[in-house]
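Some notes on the structure that comes next.
We name chains A, B, ... by the order of the sequence lines, and we start the count at 1 in each one. What you see is a predicted model; the values in this text were computed from it and never measured.
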2 protein chains.
Amino acid sequence: MVNNDLKAKAEKILKTAGFNSTKAQIFILQELLKAGKPLSREELAARLGEKCPDKVTVYRIMERFCAGNLVHKVYLSNRAWNYELAHHCDEKQCHPHFTCNNCGETFCLTGLFLPMVKGLKKGFVVQRQQVRIEGLCPACS
Amino acid sequence: MVNNDLKAKAEKILKTAGFNSTKAQIFILQELLKAGKPLSREELAARLGEKCPDKVTVYRIMERFCAGNLVHKVYLSNRAWNYELAHHCDEKQCHPHFTCNNCGETFCLTGLFLPMVKGLKKGFVVQRQQVRIEGLCPACS
DNA sequence: TTAAAACTGCAACATTATTGCACTTTTTGC
DNA sequence: GCAAAAAGTGCAATAATGTTGCAGTTTTAA
Ligand SMILES: [Mn+2]
Ligand SMILES: [Mn+2]
Ligand SMILES: [Zn+2]
Ligand SMILES: [Zn+2]
């Protein structure tokens with residue numbers, strides 16, 4: 001069954017990354033896997049419905065996942081933290097994200113990496129580079 | 001006098017961009033010119049002190065400036081809108097911004113442009129590209 | 001099996017931004 | 001310059017999003 005596969009996958013990822021297999025963490029990780037794009041706390045809740053843990057728990061889980069580098073925060077124009085699995089990101093660079101100025105939808109541009117920025121002044125140590133693009137999506141252009 | 005120059009400059013920019021020369025708009029524009037980096041509403045207020053208009057007015061002015069493409073919003077990790085003058089940005093690309101993971105300071109990497117992303121699927125129209133970098137600043141590395 | 005460690009939910013609170021509306025300032029047309 | 005219109009402003013209330021403290025529960029590990 002596909003759902004069992006997903007759950008098994010989530011549990012495996014948790015274990016590998018050193019996290020406990022709690023119900024809340026499994027639900028959230030499964031949903032991030034399904035989504036394949038950044039989700040705000042609210043979008044996550046809408047998708048999980050009944051199964052969604054309390055918002056405090058969600059934020060705390062995301063914080064732990066970020067600390068463990070399982071998840072990245074993405075900063076978009078929607079006035080909320082947005083979380084996505086880090087598994088499609090390079091060590092130092094996440095794939096770019098495209099947000100439509102008309103409908104507000106955000107798309108992952110998986111596979112489209114830009115070169116890392118070059119020529120920083122002495123002393124700057126780059127840990128991560130993120131690219132945010134805005135424009136019109138196919139449905140709106 | 002340098003201050004008068006700055007005020008004159010602000011007024012000229014406003015006029016050119018089709019904005020009225022109100023006290024609030026002049027103060028804010030002067031401060032954005034001085035800052036030369038993105039400011040949150042709160043940072044702006046700290047800099048302007050007494051002269052700072054009500055926060056509602058600040059937000060509304062920034063909204064107008066953004067609509068007139070005089071100012072850009074920059075999305076950083078600080079849970080606030082950040083505004084900066086658009087005058088060091090290309091038509092389609094702002095210069096990258098570097099935020100230190102240790103002290104939280106943000107730096108403009110003026111002059112360091114990346115190539116525009118290439119290879120988007122049909123139908124995507126790019127209007128602006130922004131690059132956000134995190135890492136350690138010279139003082140913290 | 002049980003004690004320790006980790007996690008969760010609820011309520012209260014904090015921070016940041018927005019809305020409505022009455023008042024003021026600035027611009028415009030004479 | 002002057003009056004009317006247009007644009008901008010401030011205050012209070014409210015909304016949206018995220019955080020803290022703490023008691024109780026679940027998970028892990030011995
Ligand atoms: Mn993505
Ligand atoms: Mn800048
Ligand atoms: Zn769209
Ligand atoms: Zn620093």
Practice task
Hey, could you give me the CZ/OG1 distance between B:R41 and B:T57, rounded to the nearest 0.5 Å?
Solution key: 10.5 Å

Handout entry: Note, A:L29 side chain near A:L85 side chain (heavy atom, < 4.5 Å)
Key = yes

Handout entry: B:P38 and B:C108, any side-chain heavy atoms less than 4.5 Å apart
Key = yes

Exercise for the section: Check each of A:V117, A:V131, A:I133 against B:V131 using the side chain to side chain contact (heavy atoms under 4.5 Å, CB included) test, and report the only one that passes. Expected result: A:V131

Fill in the blank from the handout: Exactly one candidate in B:E31, B:E43, B:E105 meets salt bridge (Lys or Arg N to Asp or Glu O under 4.0 Å) with B:K37; the answer is B:E105

Exercise for the section: Quantify the bending of the helix from C:dT1-D:dA30 to C:dC30-D:dG1 as the angle between its end axes, each fitted on five pairs, to 10°. Expected result: 50°

Fill in the blank from the handout: Taking for B:K23 and for B:R79 the nucleotide of DNA chain D with the nearest heavy atom, the one nearer the 5' end belongs to B:K23

Practice task
Assign B:R64 to base, sugar-phosphate, or nothing according to its heavy-atom contacts below 4.0 angstrom with the strands shown.
Solution key: sugar-phosphate

Handout entry: Under 3.5 Å: donor-acceptor pair, side chain of A:N20, backbone of A:T22
Key = no

Completion exercise
Residues of residues 25-49 of chain B with a heavy atom under 4.0 Å from any atom of DNA chain D, listed by number, are B:Q25

Practice task
Would you kindly confirm whether B:F113 and A:L114 end up in one hydrophobic cluster when ILVMFWY residues are joined by side chain heavy atoms under 4.5 Å apart?
Solution key: no

Handout entry: hydrophobic_cluster_shared for A:F107 and B:V126, side chain cutoff 4.5 Å
Key = yes

Rounded distance (Å) that lies between atom [atom2] of [N] and atom [atom1] of [X]:
X     : N      : atom1 : atom2 : value
A:E63 : C:dA6  : CD    : P     : 16 Å
A:N20 : C:dA4  : CG    : P     : 18 Å
B:D54 : C:dC21 : CG    : P     : 17 Å
B:Y59 : C:dT18 : OH    : C1'   : 9 Å

Completion exercise
Only one of A:Y59, A:F19, A:W81, A:Y83 passes ring-ring contact (aromatic ring centres under 6.0 Å, His included) with A:F65, and that residue is A:F19

Handout entry: Leading and trailing nucleotides of DNA chain D with any atom under 4.0 Å from heavy atoms of chain B
Key = D:dA7 to D:dG18

Exercise for the section: Scan side-chain atoms only and decide if A:H72 and A:Q130 contain a donor-acceptor pair under the 3.5 Å cut-off. Expected result: no

Handout entry: Earlier contact from the 5' end, DNA chain C, for B:T22 and A:T22
Key = A:T22

Problem - DNA chain C: 5'-proximal contact among A:R60 and B:K55 (nearest heavy atom) - result: A:R60

Exercise for the section: Take A:E134 and B:Q127 through the side chain to side chain donor-acceptor pair (under 3.5 Å) test and state the conclusion after the steps. Expected result: CA-CA 6 Å; A:E134 45 187 273; B:Q127 295 177 332; over 6 Å; no

Problem - Of the listed nucleotides C:dG20, C:dA6, C:dA11, the one nearest the side chain of A:V56 - result: C:dA11

